[in-house]
Amino acid sequence: MARRRQLYEGKAKILFEGPEPGTLVQYFKDDATAFNAQKKGTITGKGVLNNRISEYLMLRLAEIGVPTHFVRRLNMREQLIREVEIIPLEVVVRNVAAGSLSTRLGIPEGTRLPRSIIEYYYKNDALGDPMVTEEHITAFGWAATPDLDDIVSLTLRVNDFLTGLFLGVGITLVDFKLEFGRLWENEEMRIVLADEISPDNCRLWDAKTNEKMDKDRFRRDLGKVEEAYQEVARRLGILPEAGVRDMKGPELMQ
Ligand code: UDP
């Protein structure tokens with residue numbers, strides 16, 4: 001028997017109707033896809049870990065004043081979120097060259113970029129999420145200029161904060177993808193961080209060895225995928241060893 005009405009099923013998550021108006025339940029699956037869903041698989045336990053990792057990062061970001069859609073974690077695989085109107089953009093931030101940037105521009109993977117670079121992709125699976133510029137975004141009305149200003153400043157704050165947070169636990173934040181939504185409160189609209197932040201949408205490398213600790217292990221068949229996601233959670237101090245109450249804080253790396 002279905003507990004809640006399913007509103008949307010994506011590649012890694014399902015959205016259900018929430019318990020109160022204006023809320024949704026975000027369910028994290030173990031399913032993994034890559035290369036615009038041409039490669040499909042399962043990463044055992046990924047949903048549980050991403051639910052926790054994303055909870056932790058969203059809560060830390062809220063503490064520094066970044067508005068997010070996150071309300072609270074409900075159980076191992078579900079979290080309660082505010083319903084937002086998703087802006088159809090994937091906002092990618094890069095600190096180190098990797099992935100499509102390296103392929104497209106011939107910059108060797110691992111090259112530190114002269115400064116952080118923000119890129120936009122139009123969220124459209126049928127088109128393979130093409131890269132777009134501010135011109136396309138404003139001309140087609142996906143976001144207005146003031147919305148984009150908010151998106152850029154929030155993205156840079158998230159990048160600065162997460163870069164430091166991950167470095168503190170011996171991880172280089174190479175690049176990541178964010179999504180934003182519009183939240184209406186009375187007559188006011190605010191841009192808030194939505195979706196998830198997890199090793200599914202970040203490139204995370206061990207700061208000493210550059211070993212990959214993210215979805216590239218799945219994309220590139222590098223093995224030890226589950227272990228990598230677990231190690232990220234362990235370093236952040238959020239891998240419960242004997243249940244939910246047994247959560248250590250982050251472990252500082254020398
Ligand atoms: N990314 C994502 N979803 C996408 C495309 C990219 O979460 O649909 C993330 C990806 O995990 C990486 C960053 O955005 O951390 C940059 O990805 P890139 O453009 O290099 O593309 P990829 O090599 O992943 O195809």
Side-chain angles (χ1 to χ4, degrees), residues 8-13 26 28-41 43 46-47 49-51 53-54 57-58 68-69 86-113 115-133 136-137 142 151-152 154-156 158-163 165-167 171-181 193-207 210-222 225 228-229 232:
Y8 169 81
E9 178 155 13
K11 285 170 267 186
K13 294 189 292 289
Q26 183 165 246
F28 288 75
K29 300 192 280 185
D30 285 350
D31 297 352
T33 61
F35 313 117
N36 202 20
Q38 286 171 53
K39 180 182 168 90
K40 289 197 175 86
I43 303 173
K46 172 173 84 79
L49 291 166
N50 282 358
N51 187 20
I53 293 170
S54 197
L57 298 176
M58 293 271 183
T68 83
H69 73 163
I86 287 286
I87 294 169
L89 295 176
E90 303 207 330
V91 181
V92 168
V93 197
R94 304 178 182 274
N95 301 306
V96 175
S100 71
L101 178 105
S102 293
T103 320
R104 211 173 45 240
L105 304 180
I107 299 170
E109 217 170 62
T111 309
R112 181 149 285 278
L113 299 172
R115 61 181 174 83
S116 302
I117 293 174
I118 299 183
E119 297 170 347
Y120 306 105
Y121 295 85
Y122 177 45
K123 252 172 85 76
N124 185 317
D125 282 341
L127 299 175
D129 298 342
M131 190 192 254
V132 292
T133 69
H136 302 105
I137 296 168
W142 299 323
I151 289 174
V152 170
L154 287 171
T155 300
L156 292 175
V158 170
N159 185 42
D160 282 349
F161 182 76
L162 292 186
T163 296
L165 185 144
F166 277 116
L167 205 55
I171 295 175
T172 305
L173 181 59
V174 170
D175 58 31
F176 59 100
K177 185 261 295 183
L178 297 177
E179 291 185 28
F180 292 90
L193 189 58
D195 194 47
E196 69 176 301
I197 311 177
S198 74
D200 265 13
N201 43 39
C202 300
R203 282 199 170 90
L204 303 169
W205 294 357
D206 182 277
N210 280 346
E211 200 183 341
K212 298 186 197 317
M213 304 172 69
D214 55 60
K215 206 168 109 180
D216 270 350
R217 300 203 71 85
F218 167 78
R219 290 189 190 99
R220 304 180 188 185
D221 294 319
L222 300 174
V225 188
Y229 280 64
V232 172

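Throughout, numbering of the chain's residues begins at 1 and tracks the sequence. Whatever order the structure lists them in is the order used to number ligands and atoms, beginning at 1.
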Participant: To check you understand the geometry: which heavy-atom pair defines the closest contact between S102 and A97, and what is its length?
Facilitator: OG-C, 3.5 Å
Participant: Select one of side chain, backbone, both or neither to describe which atoms of T103 lie under 4.0 Å from any atom of ligand 1, heavy atoms only.
Facilitator: neither
Participant: Tell me the closest heavy-atom pair linking M58 and A194, and the distance in Å.
Facilitator: CE-O, 3.4 Å
Participant: Report the residue from V91, D160, V92 that forms a side-chain contact (heavy atoms from CB on, under 4.5 Å) with T155.
Facilitator: V91
Participant: Please confirm whether V174 approaches ligand 1 to less than 4.0 Å, judged on its heavy atoms.
Facilitator: no
Participant: Which atoms of ligand 1 sit under 4.0 Å from any heavy atom of S100?
Facilitator: 18 (P), 19 (O), 20 (O), 21 (O), 23 (O)
Participant: Would you mind checking if K123 and D129 are paired as a salt bridge, meaning a charged N to carboxylate O distance below 4.0 Å?
Facilitator: no
Participant: Run the numbers for me: atoms of ligand 1, each under 4.0 Å from some heavy atom of V92, listed by number.
Facilitator: 14 (O), 16 (C)
Participant: May I ask you to identify the nearest protein heavy atom to atom 15 (O) of ligand 1, giving residue, atom name and distance to one decimal place in Å?
Facilitator: D175 OD1, 2.6 Å
Participant: Is K177 paired with E196 through a side-chain N to carboxylate O contact shorter than 4.0 Å?
Facilitator: no
Participant: Look at D195 together with K13 and state whether they make a salt bridge at an N to O cut-off of under 4.0 Å.
Facilitator: yes
Participant: Pull out every atom of ligand 1 sitting under 4.0 Å from any heavy atom of R94, numbered as shown with elements.
Facilitator: 16 (C), 18 (P), 19 (O), 20 (O)
Participant: Just do the side-chain hydrogen bond (donor to acceptor under 3.5 Å, both in side chains) check on N95 and D175 with the steps written out, would you?
Facilitator: CA-CA 6 Å; N95 301 306; D175 58 31; over 6 Å; no
Participant: Give the atoms of ligand 1, by number and element, whose distance to some non-hydrogen atom of D129 is under 4.0 Å.
Facilitator: 8 (O)
Participant: What are the atoms of ligand 1, with element, lying closer than 4.0 Å to any heavy atom of G99?
Facilitator: 20 (O), 23 (O)
Participant: Identify the protein heavy atom lying closest to atom 7 (O) of ligand 1, giving its residue, its atom name and the separation to 0.1 Å.
Facilitator: N201 CB, 2.9 Å
Participant: Closest approach of G47 and F28, non-hydrogen atoms and distance?
Facilitator: O-CB, 3.2 Å
Participant: Answer yes or no for Y121: is there a heavy-atom contact with ligand 1 below 4.0 Å?
Facilitator: yes
Participant: Which ligand 1 atoms, with their elements, are less than 4.0 angstrom from a heavy-atom of F176?
Facilitator: 15 (O)
Participant: Could you tell me whether R203 and D216 make a salt bridge, using a distance below 4.0 angstrom between a side-chain N and a carboxylate O?
Facilitator: yes
Participant: Using a cut-off of 6.0 Å, state whether more than 12 heavy atoms not belonging to R220 lie near its atom CZ.
Facilitator: yes
Participant: Would you mind checking which non-hydrogen protein atom is closest to atom 17 (O) of ligand 1, with the distance to 0.1 Å?
Facilitator: R203 NH1, 3.5 Å
Participant: If we count only non-hydrogen protein atoms and require a distance under 4.0 Å, does atom 25 (O) of ligand 1 qualify as touching the protein?
Facilitator: no
Participant: Among all the protein's heavy atoms, is there at least one whose distance to atom 2 (C) of ligand 1 comes out below 4.0 Å?
Facilitator: yes
Participant: Counting non-hydrogen protein atoms only, what is the nearest one to atom 4 (C) of ligand 1? Give residue, atom name and distance.
Facilitator: E90 OE1, 3.2 Å
Participant: For atom 10 (C) of ligand 1, what's the nearest protein heavy atom and its distance?
Facilitator: R219 NH2, 3.5 Å
Participant: Under 4.0 Å, heavy-atom basis, I'd like to know which part of C202 is in contact with ligand 1: side chain, backbone, both or neither.
Facilitator: backbone
Participant: Show the nearest heavy-atom pair for residues F218 and K39, with the distance to one decimal.
Facilitator: O-CE, 2.9 Å
Participant: For atom 14 (O) of ligand 1, what is the nearest protein heavy atom, given as residue, atom name and distance?
Facilitator: K177 CB, 3.6 Å
